[in-house]
Amino acid sequence: MSIPLLSLVVPFFNEEDTISAFFPRVVSCLDAIEDLAFEIICVNDGSSDATLQRLIDAANADERVHVIDLSRNFGKESALSAGLAEARGEVVVPFDADLQDPPEVIGELIAKWREGFDVVLARRVDRQSDTFLKRRMASCFYRLHNKLADVKIPDNVGDFRLMTRAVIEAMKAFPESRRFMKGLFAWVGFRTAVISYTREVRVAGKTKFSGWKLWNFALEGITSFSSLPLRVWTYFGFAVAAVSFIYAAYLIIRTFVHGVDVPGYASIFVSILFFSGVQMIGIGILGEYIGRIYIESKRRPLYLIRSRYNRSTSHER
Ligand code: UDP
Ligand code: MG
């Protein structure tokens with residue numbers, strides 16, 4: 001019987017400083033797992049520093065390291081998709097280049113998989129390595145998302161997880177081009193186990209996700225998996241209309257009782273401002289979804305591959 005193959009899928013975007021620490025630690029961790037072969041699929045997501053060259057050097061030194069060079073920066077979600085498409089392993093683990101997720105945990109994921117699970121999630125129990133603001137925002141996001149969307153994302157679970165071939169094939173069959181990976185991972189289901197680990201600080205370099213990028217990421221997540229923000233405007237509209245009817249009735253009665261009076265500019269002005277604002281928010285939310293339909297309707301590829309390194313010398317499937 002041949003031993004199973006693990007594919008570690010790692011997106012790299014301007015990570016030249018982390019690479020020297022990355023390969024020795026990850027390779028020794030994976031070597032330590034018994035009865036398991038592995039390949040490391042490195043996706044260079046359009047880095048502008050020496051990342052690609054360092055990855056090629058690593059691929060030349062170790063035939064289990066494969067490099068996919070994307071034609072530009074497509075973002076982490078697309079880079080992950082590219083890596084998942086290239087992965088040939090029976091089990092696949094997406095992994096960050098900065099070693100924030102300790103590679104030692106992969107052994108635990110494998111042990112759970114051997115118990116018969118299709119998906120093994122790794123939950124961050126300790127996020128001290130992230131800033132206070134990021135932790136607060138993240139917890140608000142999970143709460144809001146899980147209130148709105150039908151598919152719940154498990155709390156504090158990132159892309160770091162183990163998935164079997166069946167799960168990967170299911171994910172690859174998704175036609176949509178805007179991919180919110182956390183949501184998709186949750187959508188596919190399968191037999192799932194959860195283990196806990198502590199997220200560490202980056203070994204080098206700095207985070208690629210600024211506050212604004214994370215905000216957009218959160219919007220992406222919510223609008224990809226819920227249409228409630230669209231529907232809620234119908235109810236809001238009804239409520240506002242009802243209030244305005246009541247107010248109109250009150251005005252009519254008041255006119256009969258007190259006659260016509262001129263004052264009231266202030267309240268009119270305030271309500272005009274308020275409802276213009278409300279309408280603009282409503283239009284903005286519509287735009288968010290229409291933009292999504294527009295992008296989806298173009299059916300563009302998720303990413304373009306410029307070249308591959310080391311792919312031919314690898315395992316045959
Ligand atoms: N990354 C990527 N493309 C991007 C941004 C990030 O491939 O446009 C990669 C990055 O190199 C790293 C992973 O995604 O391997 C996670 O990024 P980062 O550590 O900056 O995110 P954080 O851990 O702070 O959420
Ligand atoms: Mg990180």
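When a ligand or atom number is given, it counts from 1 through the structure's own listing order.
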* At distances under 2.8 Å, what protein N, O or S atoms surround the Mg ion (ligand 2)? ->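 Checking every protein N, O and S atom gives Asp98 OD2, Gln100 OE1.
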Looking only at protein heavy atoms, identify the closest one to [atom] and say how far it is in Å.
atom                    : result
atom 18 (P) of ligand 1 : Arg202 NH2, 3.4 Å
atom 1 (N) of ligand 1  : Phe13 CB, 3.7 Å
atom 10 (C) of ligand 1 : Glu15 OE2, 3.2 Å
atom 13 (C) of ligand 1 : Asp96 OD1, 3.6 Å
atom 17 (O) of ligand 1 : Phe209 CE1, 3.7 Å
atom 25 (O) of ligand 1 : Lys134 NZ, 3.2 Å
atom 19 (O) of ligand 1 : Asp98 OD2, 2.6 Å
atom 3 (N) of ligand 1  : Asp45 OD2, 2.6 Å

* **Pairs where residues 69-96 contributes a residue and the test ring pair (Phe, Tyr, Trp, His ring centres under 6.0 Å) is met, not counting sequence neighbours** =>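 Qualifying pairs: Phe95-Phe160.
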* To do: Of all the heavy-atom pairs spanning Leu8 and Leu30, show the shortest one and how long it is.
  => CD2-CD1, 4.1 Å
* Shortest non-hydrogen contact from Tyr303 toward Ala85 -> OH-CB, 3.5 Å
* Does Pro11, backbone or side chain, put an N or O under 3.5 Å from an N or O of ligand 1? -> yes
Is it true that [X] and [Y] have a side-chain N and a carboxylate O under 4.0 angstrom from each other?
X      : Y      : answer
Arg72  : Asp45  : no
Glu169 : Arg165 : yes
Glu15  : Arg54  : no

Side chains of [X] and [Y] only: does a donor on one sit below 3.5 Å from an acceptor on the other?
X     : Y      : result
Glu39 : Ser7   : yes
Ser28 : Asp31  : no
Asp69 : Tyr309 : no

Within a distance under 4.0 Å of any heavy atom of [X], pick out the atoms of ligand 1 and give their elements.
X      : answer
Asn73  : 3 (N), 4 (C), 8 (O)
Ala97  : 15 (O)
Gln100 : 19 (O), 22 (P), 23 (O)

* To do: Supply the atom-to-atom distance Leu55 CG to Ile68 CD1, rounded to the nearest 0.5 angstrom.
  => 11.0 Å
* Asked: With hydrophobic residues grouped by side-chain heavy-atom distances under 4.5 Å, do Phe13 and Ile19 end up in a single group?
  -> no
* Examine Tyr289 and Leu286 and state if one hydrophobic cluster contains both, with Ile, Leu, Val, Met, Phe, Trp and Tyr joined whenever side-chain heavy atoms are less than 4.5 Å apart. =>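 Linked, Tyr289 and Leu286 end up in one cluster.
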